[in-house]
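Comments concern the structure below.
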Number of protein chains: 2
Amino acid sequence: MLKSKLSTPQIYDDLHMQLVTAQIPQGQKMRSERLREDYDCSANTIREVLFRLASEGLVIFEDQRGFRARPTDPERLHYLTKFRIMLEQEGATASIQHGALEWEAQLAASHHKLSHIESKLSETSLSGNTLKLWSLAELEFHDTLLSACDSPFLRSSYRRTYDQFRQQKIMQPEYGYHPENIVEHQAIVTAALKRDAHACRVAIYEHMKRNLRDGGASGTLHPDALGAASTG
Amino acid sequence: MLKSKLSTPQIYDDLHMQLVTAQIPQGQKMRSERLREDYDCSANTIREVLFRLASEGLVIFEDQRGFRARPTDPERLHYLTKFRIMLEQEGATASIQHGALEWEAQLAASHHKLSHIESKLSETSLSGNTLKLWSLAELEFHDTLLSACDSPFLRSSYRRTYDQFRQQKIMQPEYGYHPENIVEHQAIVTAALKRDAHACRVAIYEHMKRNLRDGGASGTLHPDALGAASTG
DNA sequence: TTCCCAGAAAATTTCAAAATTTTTGAAAAT
DNA sequence: ATTTTCAAAAATTTTGAAATTTTCTGGGAA
C-alpha cells in the first residue's frame with residue numbers, strides 16, 4: 001500500500017473510512033507502532049487521530065492498553081437505532097414544517113439517486129464498490145431529509161450516530177441487501193412531500209425497526225423511537 | 001496555585017470545570033506553553049486534553065493557530081437551547097412512560113435539593129460557591145428527569161449539550177438569578193409525577209424559551225423544540 | 001498437567017528539543 | 001501619514017527517544 005505522505009486530516013479520513021466500512025474489523029487492536037509505519041508519521045500523530053475517533057465512538061480507548069476498533073455489541077446497535085429513529089423523526093417533522101420548495105427538490109433528487117442504485121442492487125450481487133456507493137447515497141438521502149430542520153446540533157448528532165450504526169451493522173451479511181428498503185424509502189419520501197408528519201414518523205420507524213432488540217414487535221402501536229409520541 | 005502533579009484525566013477535569021464556569025473566559029487563547037507550566041507536564045499532554053475538549057465543543061482548534069476557549073455566540077446559544085429542549089422533551093416523555101416508582105422518588109429528591117438551594121438564592125446574593133452548588137443541583141435535576149428514558153445516547157448527548165449551554169450562558173449576569181426558575185422547575189416536576197407528558201413538554205419549553213433567539217415569541221402556540229409536535 | 005512467578009519482550013505514555021509556522025514590531029518606501 | 005517589507009520573537013507541531021506499564025514466554029512447584 002503506497003501512500004505519499006498523508007497529512008493529519010487525511011489520516012483521520014482514511015482511518016474513519018476504514019472503521020465505518022469495517023475494513024478494520026470490530027474489536028481489532030490498533031497499535032500505534034503499526035499505524036505509524038503504515039502512514040509514515042510519528043506515534044503522536046496517530047495517537048491524536050485515534051483519540052478523536054474515540055470521542056466519536058468508533059474506537060475505544062483503555063488507559064495504558066491502547067486503542068481498539070469498537071467491538072460488535074447487539075445492545076449498542078439497539079440503542080443506536082433507538083436514538084437514530086428519534087433524531088430522524090424529530091428532524092423530519094421539523095423539515096416538513098420549515099422546508100421550502102428547494103428542500104423538496106433536493107429530497108426528490110437524493111431519493112432518485114438512491115432508488116436508482118437500489119434497483120440495480122436487487123438485480124446484481126453487490127461488489128464492495130457498489131456497496132460503498134449505496135451507503136453514501138443512503139446517508140445523503142437521510143441527511144437531506146433533515147436538512148431543513150434548522151437545528152445544526154441535531155444534524156451533527158445524527159451524522160455521528162449514523163456512522164456508529166454503520167460500523168455496527170456493515171458486517172452483517174444482509175446489510176444493503178433488503179429489497180424492502182426500496183419501498184420503505186419511497187414511503188418516507190412520499191409522506192415528507194405530502195407534508196404528512198405523522199405518516200413520515202411511522203415510515204421512519206418501519207424502516208429502522210428491524211434493528212431494534214425485539215425487531216420492533218410492539219411496532220404498530222408505538223411508532224415513536226422512545227415509545228412516547230403516541231401518548232399525546 | 002500549588003498542584004501536586006495532576007494526572008492526565010485530572011487535568012482534563014480541571015480544565016473542563018474552568019471552561020464551563022468561564023473561569024477561562026470565552027474566546028481566550030489557551031497556550032500550550034502556559035498550561036504546561038501551570039500543570040507541570042509536557043506540551044503533548046496538554047495538546048491531548050485540549051483536543052478532547054475541542055471534540056466536545058468547549059474549545060475551538062485552528063490548524064497552526066492553537067486552541068481558544070469557545071467565544072460567546074448568541075446564535076450558538078439559540079441552537080443549543082433548541083436542541084436541549086428537544087432532547088429534554090423527548091427524554092422526559094419517555095421517562096414518564098417507562099419510569100417506575102424509583103424514578104419518581106429520585107426525581108422528587110433531586111427537585112427537593114434544587115428548590116432548597118433556589119429558595120436561598122432569592123434571599124442572599126450568590127457567591128461563586130453557591131452558584132456552583134446551584135449549577136450542580138440543576139444538572140442533577142434535569143438528568144434525573146431523563147434517567148428513565150432508556151436511551152443512553154440521548155442522555156450523553158444531553159449532557160454534552162448542557163455543558164456547552166452553560167459555558168455560553170454563565171457569564172450573563174442573570175444566570176442563576178431568575179426567581180421564575182423556582183416555579184418553572186416545580187411545573188416540570190409536577191407534570192412529570194402526574195404522568196402528563198404534554199404538560200411536561202410545555203413546562204420544559206416555558207423553562208428554556210428565554211434563551212431562544214426571539215425569547216420564545218411564538219411560544220404558546222408551538223411548545224415543541226423544533227416547532228413540530230403540535231402538527232400531529 | 002496445571003498453576004504461578006520471574007524475566008524478557010513489546011507496547012504505551014511522557015518528555016524535551018528541533019523544525020515549522022505565525023505573529024510582532026520596526027525600518028523603509030510610497 | 002499610511003502602507004509594505006523584512007527580520008526577530010513567540011507559539012505550534014513534529015520528532016525520536018526515555019521511562020513506564022502491560023503482555024508474553026518459559027521454567028519450576030504443586
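What you see is a predicted model, and the numbers here were worked out from it, not measured in a lab. Chain A is the first sequence line, chain B the second, and so forth, proteins listed ahead of strands; every chain is numbered from 1. FYI, side chains are in, hydrogens and waters are out, and symmetry mates aren't considered; it's all heavy atoms of this structure.
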(message) Quick check against the 3.5 Å criterion: does A/His16 have a side-chain atom that pairs as donor or acceptor with the backbone of A/Tyr12?
(response) no
(message) Nearest whole Å is fine: how far is C/dT13 P from A/Met30 CE?
(response) 14 Å
(message) Just to verify, what does A/Glu184 make a salt bridge (Lys or Arg N to Asp or Glu O under 4.0 Å) with, not counting sequence neighbours?
(response) A/Arg210
(request) Check the pair B/Glu102, B/Gln106 against side-chain hydrogen bond (donor to acceptor under 3.5 Å, both in side chains), reporting the backbone distance first and the verdict last. (result) CA-CA 6 Å; B/Glu102 184 58 27; B/Gln106 286 167 356; 3.1 Å; yes
(request) Could you check how far CZ of A/Phe61 sits from P of D/dT22, rounded to whole Å? (result) 12 Å
(message) The side chain of A/Thr8 is closest to which nucleotide in this list: C/dC15, C/dT13, D/dT14?
(response) D/dT14
Any protein N or O atoms within reach of nucleotides 18-25 of chain C? Criterion: under 3.5 Å, listing atom names and distances.
none

(request) Could you grab the distance from atom CD1 of B/Ile117 to atom NE2 of B/His112, nearest 0.5 Å is fine? (result) 10.0 Å
(request) Give me the bend of the helix from C/dT1-D/dA30 to C/dT30-D/dA1, using the axes of the five pairs at each end, rounded to 10°. (result) 20°
(message) Using whole Å, what does the distance between atom C1' of nucleotide C/dT14 and atom CD of A/Glu33 come to?
(response) 16 Å
(request) Identify, between B/Arg47 and A/Arg36, the residue whose nearest nucleotide on DNA chain D lies closer to the 5' end. (result) B/Arg47
(message) Tell me every residue that passes salt bridge (Lys or Arg N to Asp or Glu O under 4.0 Å) with B/Arg52, counting only those two or more places apart in sequence or in another chain.
(response) B/Glu56
(request) Let me know the distance between CG of B/Leu6 and C1' of C/dT14, rounded to the nearest Å. (result) 16 Å
(message) With no hydrogens and no angle check, just 3.5 Å: does a side-chain donor-acceptor pair link A/Asp14 and A/Gln18?
(response) yes
(message) Considering every strand and a 4.0 Å limit on heavy-atom distances, what is the contact class for A/Ser42: base, sugar-phosphate, or nothing?
(response) base
(message) I'd like to check the side-chain hydrogen bond (donor to acceptor under 3.5 Å, both in side chains) partners of A/His116; sequence neighbours left out, ordered by chain and number.
(response) none
(request) Applying salt bridge (Lys or Arg N to Asp or Glu O under 4.0 Å), name anything that partners B/Arg65, two or more places apart in sequence or on another chain. (result) none
(message) Using whole Å, what does the distance between atom P of nucleotide C/dC15 and atom CD1 of B/Ile46 come to?
(response) 10 Å
(message) Whether the B/Glu138 and B/Tyr162 side chains hold a donor-acceptor pair (N or O, under 3.5 Å, no angle test) is what I'd like checked.
(response) yes
(message) C/dT12, OP1 or OP2 - any side-chain N/O from A/Lys29 closer than 4.0 Å?
(response) yes
(request) Quickly work out the B/Asn44 CG to C/dT12 C1' distance and round it to whole Å. (result) 13 Å
(message) Distance check needed: C/dT13 C1' versus B/Gln10 CD, whole Å only.
(response) 16 Å
(message) Please report the distance, rounded to the nearest Å, between CZ in B/Arg34 and P in D/dA10.
(response) 16 Å
